[in-house]
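Sequence lines set the chain letters: A, B, ... in the order given, protein chains first and strands last, and positions in each chain run from 1. Hydrogens, waters and symmetry mates play no part in the numbers below; they use all other heavy atoms, side chains included. What you see is a predicted model; the values in this text were computed from it and never measured.
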Number of protein chains: 2
Amino acid sequence: MTQPARKFTRIQPELRREHLVEAALRCLAEHGHAGVSVRKIAAEAGVSIGLINHHYDSIDQLIAHAYETLAIGIFNRVTGAVDPSAGTARDRLSAFFRAYFSPDVFDPKLLGVWVVFWSMIRHSPAIKAAHDRTNAGYARVLEGYLADLAAENGLPPTTVRLAAVGLSALLDGIWLQWCLTPEQAFTIHEAIALAESWVDGVARGAYGRLAS
Amino acid sequence: MTQPARKFTRIQPELRREHLVEAALRCLAEHGHAGVSVRKIAAEAGVSIGLINHHYDSIDQLIAHAYETLAIGIFNRVTGAVDPSAGTARDRLSAFFRAYFSPDVFDPKLLGVWVVFWSMIRHSPAIKAAHDRTNAGYARVLEGYLADLAAENGLPPTTVRLAAVGLSALLDGIWLQWCLTPEQAFTIHEAIALAESWVDGVARGAYGRLAS
DNA sequence: TCTGTTGTTGAACGTGTGTATAGCGAGCCA
DNA sequence: TGGCTCGCTATACACACGTTCAACAACAGA
């Protein structure tokens, strides 16, 4: 006596979109660029092909939504690990580094996802906008830490904007190298030491020429 | 009185492969990931579709060949701009920076090409191998400069390997940021200043903790 | 229990993909 | 000038893609 199997279950559009985003991210992590596929994502989410175009005008919009979800999630997790009022600016930078150099972020699978996003920036305004927004977020946060550091140590504050660019680039570069070469030539501990040493350089006035 | 138009011209396989690689790079620069297409590349090269599979077992091998050509070309141009015997180690680093931060390398179109390569690293052993080889090349060159710098300035040489990782990451990160955000928040001059300041930090002993 | 709304399905369509292959023809060499 | 080699063309094939749309069915409210 089999039940008349229910063919599907309805859920709220907002919740369904969330599920689709999660399935899309799993597809991107597993298949890279080939994971940008209505059929693969629908299969991963356990729904029919047509459902994606019912909730999104095109697959690009789903990917853009996925990018925004992932990028903001990581940003919040990393910056949320830093108590903005406790300790010195130097302490806050160290806390930021510890959160940034965590397995959540330093995961080679993540690069496969990110590379897809980067490749779509030029053609998709939605993804470009999401990228610019999170990028500005990191710049703002790092500039805040460095401005505090400059104030506490009496360094010239004119260097702050550019120094934040440099630190951001260093962190991105370490992440990139880590993800591209899984058989690593350096440890997470060493990666943190590189970032800390960069701040040491700032504290020793090595970045004075940026003020010119 | 029209000539009986020649339908094609034969050239040496080696030369033809070179033309195909150049066409592939133009396609990647223009169309990004969508440029990885036998039909697009064949059209760009002005040859028939089947010719690519005549010269390469699969399109992935053509892309790998293109990657190797481009990566080695840039590597040779950048490292070739540094006279390995003249001046101090610091001079050589500065010369390297000037060559690296040139319009040849700092071209947003180049990122579109590179992103395609990165996305294929996981699935294509040929591309992975080409990447590892050029990566090792940069590591070797930078380690050389930094070892000379350490010897000239009496710094502990144990830090050299890891410092090269840091410098390489910084350069990659600056390049990435430059290419991802064409409406730049910094100039090439400032980018060079960031790299020079990093070396200042090394010279001031900021990277002593790497030796631990 | 019936009805209306709407989230969901799945087949269909046109396009683009990589590869295989049969045959054409350009250019070399005797 | 003939013939032969092989670089090259162009068609064909099977498959995957994104999108569309008419029909279906789950669930809320009456």
Side-chain angles (χ1 to χ4, degrees), chain A residues 2-24 27-28 30-66 116 119-120 123-127, chain B residues 2-24 27-28 30-66 116 119-120 123-127:
Chain A
T2 53
Q3 286 282 83
R6 216 177 302 159
K7 293 223 167 119
F8 58 89
T9 57
R10 306 171 85 134
I11 61 176
Q12 305 244 14
E14 198 170 328
L15 197 60
R16 177 68 74 191
R17 268 193 268 261
E18 206 172 292
H19 288 166
L20 290 175
V21 159
E22 285 162 9
C27 276
L28 292 189
E30 178 140 10
H31 305 105
H33 210 280
V36 185
S37 154
V38 175
R39 285 167 174 78
K40 285 201 181 73
I41 295 172
E44 176 71 34
V47 298
S48 73
I49 309 165
L51 193 57
I52 286 176
N53 279 291
H54 180 258
H55 288 289
Y56 295 92
D57 285 351
S58 78
I59 191 168
D60 278 23
Q61 298 203 8
L62 166 57
I63 302 297
H65 188 191
V116 173
S119 76
M120 297 176 75
H123 307 291
S124 166
I127 290 185
Chain B
T2 51
Q3 285 282 84
R6 214 176 304 156
K7 293 225 168 115
F8 59 90
T9 57
R10 305 171 85 134
I11 61 177
Q12 306 244 13
E14 199 171 328
L15 197 58
R16 178 67 76 189
R17 268 194 268 262
E18 205 171 294
H19 288 166
L20 290 175
V21 159
E22 285 162 9
C27 276
L28 292 188
E30 178 141 10
H31 305 106
H33 209 278
V36 186
S37 154
V38 176
R39 284 165 174 80
K40 285 200 182 72
I41 295 171
E44 176 72 35
V47 299
S48 74
I49 308 165
L51 192 57
I52 287 175
N53 278 292
H54 178 73
H55 288 289
Y56 295 93
D57 285 351
S58 78
I59 191 167
D60 278 24
Q61 298 202 8
L62 166 57
I63 302 296
H65 189 190
V116 173
S119 76
M120 297 176 75
H123 306 290
S124 167
I127 290 185

- Item | Closest-nucleotide 5' rank along DNA chain D - winner of A/Ala34 and B/Thr9 | B/Thr9
- Message: If the cut-off is 4.0 Å, is A/Arg16 near the phosphate of C/dT8, judged by side-chain N/O to OP1 or OP2?
- Response: yes
- Item | Side chain A/Lys40, main chain A/Cys27, donor-acceptor under 3.5 Å | no
- Note on the structure: Between B/Ile41 and B/Ala23, the two heavy atoms sitting closest are O-CB, 3.9 Å
- Query: Nearest-Å distance, CG (B/Leu20) to P (D/dG7)?
  - Reply: 13 Å
- Message: Among D/dC27, C/dA26, C/dG18, which nucleotide has an atom closest to any side-chain atom of B/Ile59?
- Response: C/dG18
- Item | Separation of atom CG in A/Asn53 from atom P in C/dG14, rounded to whole Å | 18 Å
- Task: Write down the distance between CZ (B/Arg17) and P (D/dC8), rounded to a whole number of angstrom.
- Result: 10 Å
- Mind checking whether A/His19 and A/Ile11 have side chains closer than 4.5 Å, heavy atoms only? yes
- Message: Within the 4.0 Å heavy-atom criterion, would you say A/Leu51 contacts the bases, only the backbone, or no part of the nucleic acid?
- Response: base
- Task: Scan B/Ile52 against the nucleic acid and name what it touches under 4.0 Å (heavy atoms): base, sugar-phosphate only, or nothing.
- Result: nothing
Throw together a table of side-chain donor-acceptor distances under 3.5 angstrom for residues 44-65 of chain B, partners on residues two or more places apart or in other chains.
unit_1: B/Glu44; atom_1: OE2; unit_2: B/Arg26; atom_2: NE; d: 2.6
unit_1: B/Glu44; atom_1: OE2; unit_2: B/Arg26; atom_2: NH2; d: 3.4
unit_1: B/Tyr56; atom_1: OH; unit_2: B/His65; atom_2: ND1; d: 2.6
unit_1: B/Ser58; atom_1: OG; unit_2: B/Asp60; atom_2: N; d: 3.3

- Message: I want to confirm an ordering. Mapping B/Ile11 and B/Ile49 to their closest nucleotides on DNA chain D, which one lands closer to the 5' end?
- Response: B/Ile11
- Message: Rounded to whole Å, how long is the line connecting atom CG of A/Leu15 with atom P of D/dC27?
- Response: 14 Å
- Message: If I take atom CD in residue B/Glu14 and atom P in nucleotide D/dC6, what distance separates them, rounded to the nearest angstrom?
- Response: 17 Å
- Exam field: side chain A/Ser37 to backbone A/Ala34, donor-acceptor pair closer than 3.5 Å: no
- Residues in residues 37-48 of chain A with a heavy atom under 4.0 Å of DNA chain D, by number, are A/Ser37, A/Val38, A/Arg39, A/Lys40
- Describe, as an angle rounded to 10 degrees, how the axis at the first end of the helix from C/dT1-D/dA30 to C/dA30-D/dT1 is tilted relative to the axis at the last end, five pairs per end. 0°
- Spacing between A/Lys7 atom NZ and D/dC27 atom P, to the nearest angstrom: 14 Å
- Message: I want to confirm an ordering. Mapping B/Val36 and B/Phe8 to their closest nucleotides on DNA chain C, which one lands closer to the 5' end?
- Response: B/Val36
- Taking side chain as C-beta onward, heavy atoms only, is A/Gln12 less than 4.5 Å from A/Arg16? no
Close N/O contacts between protein and nucleotides 2-6 of chain C (under 3.5 Å):
unit_1: C/dT6; atom_1: O4'; unit_2: A/Arg10; atom_2: NH2; d: 3.3
unit_1: C/dT6; atom_1: O2; unit_2: A/Arg10; atom_2: NH1; d: 3.2
unit_1: C/dT6; atom_1: O2; unit_2: A/Arg10; atom_2: NH2; d: 2.3

- Rounded to whole angstroms, how far apart are OH on B/Tyr56 and P on D/dC8? 12 Å
Short heteroatom pairs, N/O only, protein and nucleotides 1-4 of chain D, under 3.5 Å:
none

- Query: Rounded to the Å, how far apart are B/His33 NE2 and C/dT17 P?
  - Reply: 13 Å
- Query: Can you list the residues that meet the side chain to side chain contact (heavy atoms under 4.5 Å, CB included) rule with B/His123, with sequence neighbours excluded?
  - Reply: none
